[in-house]
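Each remark here refers to the structure printed beneath this line.
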Number of protein chains: 2
Amino acid sequence: MKKDSKKKATIYDLSVLSGSSASTVSAVLNGTWRKRRIKESTAELIRGLAEEHQYTANQQARGLRSSRSGLIGLMLPVYDTRYFSSMAQTFEAHVRQRGQWPIVVSSLRDPEEERQMAESLVSYNIDQLFICGATDPDGVHAVCEAAGLKHINIDLPGTKVASVVSDNYQGGRILTEAIIRQFSADDPLKPQELFLFGGKDDHASRERIRGFKDMKRELLGGDFDASIQPTGYSPNMARIAFENFFEKNTRLPRALFVNSSINFEGLLRFMAAHPTETFSDLVVGCFDYDPFASFLPFPVLMMRQDVEGMITKAFELIEQPHAMPQIHLLPPQLVSPRTALPGPLDGIKDAG
Amino acid sequence: MKKDSKKKATIYDLSVLSGSSASTVSAVLNGTWRKRRIKESTAELIRGLAEEHQYTANQQARGLRSSRSGLIGLMLPVYDTRYFSSMAQTFEAHVRQRGQWPIVVSSLRDPEEERQMAESLVSYNIDQLFICGATDPDGVHAVCEAAGLKHINIDLPGTKVASVVSDNYQGGRILTEAIIRQFSADDPLKPQELFLFGGKDDHASRERIRGFKDMKRELLGGDFDASIQPTGYSPNMARIAFENFFEKNTRLPRALFVNSSINFEGLLRFMAAHPTETFSDLVVGCFDYDPFASFLPFPVLMMRQDVEGMITKAFELIEQPHAMPQIHLLPPQLVSPRTALPGPLDGIKDAG
DNA sequence: ATTATTTGCACCATCGATTGTGCAACTTAG
DNA sequence: CTAAGTTGCACAATCGATGGTGCAAATAAT
């Protein structure tokens with residue numbers, strides 16, 4: 001409107017325009033003006049000018065003074081799986097609802113990266129940090145602790161502050177049972193026909209594997225440790241594992257427990273190289289939910305982790321002075337084959 | 001190390017410790033010290049102390065002074081599709097490689113939200129803004145322009161600054177042709193057997209629809225406008241459209257052009273309510289790529305948009321003084337059924 | 001009409017880093 | 001031995017908002 005709309009208005013500009021002091025303007029615009037006994041009419045005037053000149057507070061200045069920023073951080077291993085992207089989406093909604101700003105970064109599962117990122121986020125004076133799926137949560141904790149930054153672990157637990165994670169053990173049991181029950185009584189699954197692929201030596205994998213083993217033993221008997229093939233969280237390592245198995249046994253197992261959707265992508269790569277008949281007799285259980293995966297040409301059982309619940313719980317816990325670094329377990333949900341669940345996108349109005 | 005490791009070290013702390021002035025410390029640590037003729041030995045000393053005390057610059061103070069922040073913003077409609085999550089992942093990698101920090105927000109396709117978000121990002125003094133898939137890019141532009149913030153459009157073009165978008169018209173043509181060629185010469189697809197579902201009245205949809213119509217007319221002849229069913233970018237609206245079609249015609253079309261993976265999720269929901277036989281004769285082309293979708297029990301052709309290329313191009317263009325608000329087109333890639341392409345995750349080291 | 005309160009606001013230091021400017025101490029030239 | 005650089009750094013203003021403190025003017029109490 002004014003000639004100099006190139007630069008943003010500050011409280012000093014409004015101070016001149018209104019004839020009040022900068023501190024009065026500040027108080028009016030940040031809501032502390034009643035406490036400072038500013039006249040209603042003065043406040044009104046200033047609010048009007050602020051509106052007219054499109055004033056918005058400089059968050060850097062505000063943050064510098066108050067040593068807060070309004071930013072809440074989420075550290076993710078990666079974005080590009082439905083699990084983590086829905087984590088980001090859900091996190092964003094919660095943060096914005098609190099009038100704060102999400103800043104999401106991905107650490108690529110590298111402990112050193114994780115720590116450096118935390119350092120850097122600290123230098124922006126972020127108010128809280130949600131550490132999701134970190135390889136070394138306690139390393140990140142040390143950084144946060146030193147800076148007095150509130151934080152919490154999600155997905156993978158740490159030992160220093162509270163953690164919110166899926167009940168991977170129970171989930172593993174339930175998924176394993178569901179896989180086994182897919183087979184009819186007249187041609188039941190045999191112990192050596194059920195394998196677990198994927199995951200690495202992290203808490204989630206360990207618990208899932210434990211659940212898998214326990215349930216497998218209970219239902220099928222026989223202890224068959226060779227049925228575990230950890231491949232890391234990498235599509236290609238998983239693909240190679242499937243290829244190797246296939247070469248050695250001239251076929252896939254009848255039933256697969258796949259440890260994550262990332263590993264499932266490894267199975268896709270394997271599938272691309274083999275005719276569809278190879279998979280006619282296959283049952284897959286995957287510890288993650290992806291709507292498209294649920295409709296593949298063979299029965300796919302999935303475990304959907306309760307992302308909404310985890311984020312909600314994490315927001316509750318992060319406020320509390322950490323009495324004890326407890327691990328809070330949330331049950332994941334078994335999803336039958338050919339199921340399309342609503343997701344975070346469904347809340348969005350989009351008339352088209 | 002020191003007693004008071006609870007608060008972060010500042011240049012003033014290091015100033016005292018080193019016996020130099022704060023400005024000298026600042027210069028040493030931000031790299032401008034040669035220009036200021038600081039002695040090598042002084043620099044060395046200060047660098048040592050900085051290391052020892054784990055100094056990291058307060059970005060808010062730095063930003064306040066220099067009116068920059070080191071933050072680069074990406075505004076996304078949503079996170080939770082493979083297209084947009086890979087956009088976020090790719091963006092992140094590029095930004096971090098430049099030594100800056102990504103701040104990603106989702107605007108949920110609401111023009112008012114988009115503008116407010118831009119306002120708010122401005123108040124953090126972000127250095128650049130990538131506007132991806134905005135419903136009203138020019139509205140966001142106005143906000144950026146007023147604040148002197150460099151910005152660029154991705155995915156959906158605006159008229160005020162440069163835009164980088166997929167060649168939706170050519171992509172639409174190619175996908176349509178590929179769908180039609182899936183059918184053999186002895187039982188070829190007829191014009192009234194090919195429908196387009198999804199999308200709304202945005203640039204991308206319009207172009208894809210134009211490509212669809214043109215190619216359909218060229219190959220199949222007949223102009224059949226009823227074959228377009230826009231449903232918005234919503235899974236449920238798409239599901240309802242499929243249901244309606246099915247009720248009216250007692251079957252699905254033999255071939256579908258689905259406008260986005262979000263709409264494809266609507267098809268999944270429809271599938272969940274119908275037996276597999278319903279889809280035995282179906283061919284689907286989808287304008288988006290999702291690895292799991294590629295392996296569904298019927299032929300699925302997909303268009304993968306060149307996310308890496310778009311981000312790269314956008315970084316090139318955003319620096320340039322906007323001579324002309326040109327639209328830069330990037331060809332998307334046709335993906336055959338049962339194809340598992342590598343993605344941004346493949347770059348990650350993860351031995352497992 | 002005084003004194004005691006309350007109201008309404010201005011002043012100023014502060015957060016931590018950046019940067020233009022000034023000026024000793026030292027070196028080189030003449 | 002003096003004048004003219006050069007080197008190496010300190011000083012102080014500044015970015016924009018916040019919040020403690022102090023003080024007039026208006027109002028109430030006596």
Side-chain angles (χ1 to χ4, degrees), chain A residues 6-47 49-50 53-70 120 122-127 147-148, chain B residues 7-46 49-50 53-70 120 122-127 147-148:
Chain A
K6 206 65 199 171
K7 273 288 129 257
K8 291 200 60 195
T10 71
I11 52 170
Y12 298 97
D13 301 332
L14 298 182
S15 155
V16 172
L17 289 166
S18 68
S20 308
S21 75
S23 59
T24 299
V25 173
S26 170
V28 168
L29 297 175
N30 71 21
T32 61
W33 58 285
R34 302 215 90 103
K35 195 165 54 190
R36 284 180 157 272
R37 301 193 307 247
I38 309 291
K39 230 193 307 182
E40 177 68 50
S41 64
T42 311
E44 196 105 14
L45 169 66
I46 292 175
R47 270 188 251 115
L49 287 169
H53 293 268
Q54 311 215 54
Y55 171 84
T56 47
N58 181 321
Q59 297 295 336
Q60 299 198 91
R62 183 198 294 250
L64 175 58
R65 184 56 232 260
S66 57
S67 65
R68 304 183 329 100
S69 66
S120 199
V122 162
S123 76
Y124 282 101
N125 269 325
I126 65 167
D127 299 339
Chain B
K7 272 291 128 250
K8 292 198 57 196
T10 70
I11 51 170
Y12 298 98
D13 301 333
L14 298 183
S15 155
V16 171
L17 290 167
S18 67
S20 309
S21 75
S23 59
T24 299
V25 173
S26 170
V28 168
L29 296 174
N30 71 20
T32 61
W33 59 285
R34 301 215 91 102
K35 195 165 55 191
R36 284 180 157 275
R37 302 192 309 245
I38 309 291
K39 228 193 306 181
E40 178 66 50
S41 64
T42 310
E44 197 105 15
L45 169 66
I46 292 175
L49 286 168
H53 293 268
Q54 310 216 54
Y55 171 86
T56 47
N58 180 321
Q59 295 297 334
Q60 298 197 90
R62 183 199 294 258
L64 175 58
R65 185 57 233 259
S66 56
S67 63
R68 304 182 328 100
S69 65
S120 200
V122 163
S123 76
Y124 282 101
N125 270 325
I126 65 167
D127 299 339

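To find a chain, count down the sequence lines: A is the first, B the second, and so on, and within it residues start at 1.
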If the cut-off is 4.0 Å, is [X] near the phosphate of [N], judged by side-chain N/O to OP1 or OP2?
X: B:Arg62; N: C:dT18; value: yes
X: B:Tyr55; N: C:dA17; value: yes
X: A:Asn58; N: D:dC15; value: no

Quick one: which protein N/O atoms are closer than 3.5 Å to N/O atoms of nucleotides 6-12 of chain C? Pair and distance per line, please.
residue	atom	partner	partner atom	Å
C:dG8	N7	A:Arg37	NE	3.1
C:dG8	N7	A:Arg37	NH2	3.0
C:dG8	O6	A:Arg37	NH2	2.9
C:dC9	OP1	A:Thr42	OG1	2.6
C:dC9	OP2	A:Lys39	N	2.4
C:dC9	OP2	A:Thr42	OG1	3.2
C:dA10	OP1	A:Gly19	O	3.4
C:dA10	OP1	A:Ser21	N	3.3
C:dA10	OP2	A:Ser21	N	2.7
C:dA10	OP2	A:Ser21	OG	2.8
C:dA10	OP2	A:Thr24	OG1	2.6
C:dA10	N6	A:Arg36	NH1	3.3
C:dC11	N4	A:Ser23	OG	2.7

Tell me: [atom1] of [X] to [atom2] of [N], nearest whole Å?
X: A:Asn125; N: C:dG16; atom1: CG; atom2: C1'; result: 10 Å
X: B:Tyr124; N: D:dA17; atom1: OH; atom2: P; result: 14 Å
X: B:Ile11; N: D:dA10; atom1: CD1; atom2: C1'; result: 13 Å
X: B:Trp33; N: D:dA10; atom1: CH2; atom2: C1'; result: 18 Å

* Asked: How does DNA chain D look in dot-bracket notation if pairs are Watson-Crick or G-U with both distances under 3.5 Å, crossing ones as [ ], other-strand ones as |?
  -> ||||||||||||||||||||||||||||||

Protein-nucleotides 26-28 of chain D N/O pairs under 3.5 Å:
none

Distance-only criterion, 3.5 Å: show the donor-acceptor pairs between side-chain atoms of residues 31-38 of chain B and protein atoms not counting sequence neighbours.
residue	atom	partner	partner atom	Å
B:Thr32	OG1	B:Asn30	OD1	2.8

* **Those residues that, when tested against A:Ser26, pass side-chain hydrogen bond (donor to acceptor under 3.5 Å, both in side chains) (two or more places apart)** => none

* To do: Kindly write out the residues that satisfy side-chain hydrogen bond (donor to acceptor under 3.5 Å, both in side chains) with A:Ser15, not counting sequence neighbours, or none if the list is empty.
  => none

* Asked: With a 4.5 Å heavy-atom cut-off, do B:Asp13 and B:His53 have their side chains touching?
  -> no

* Base, sugar-phosphate alone, or nothing: which one does A:Ser26 contact when heavy atoms must sit under 4.0 Å apart? -> base

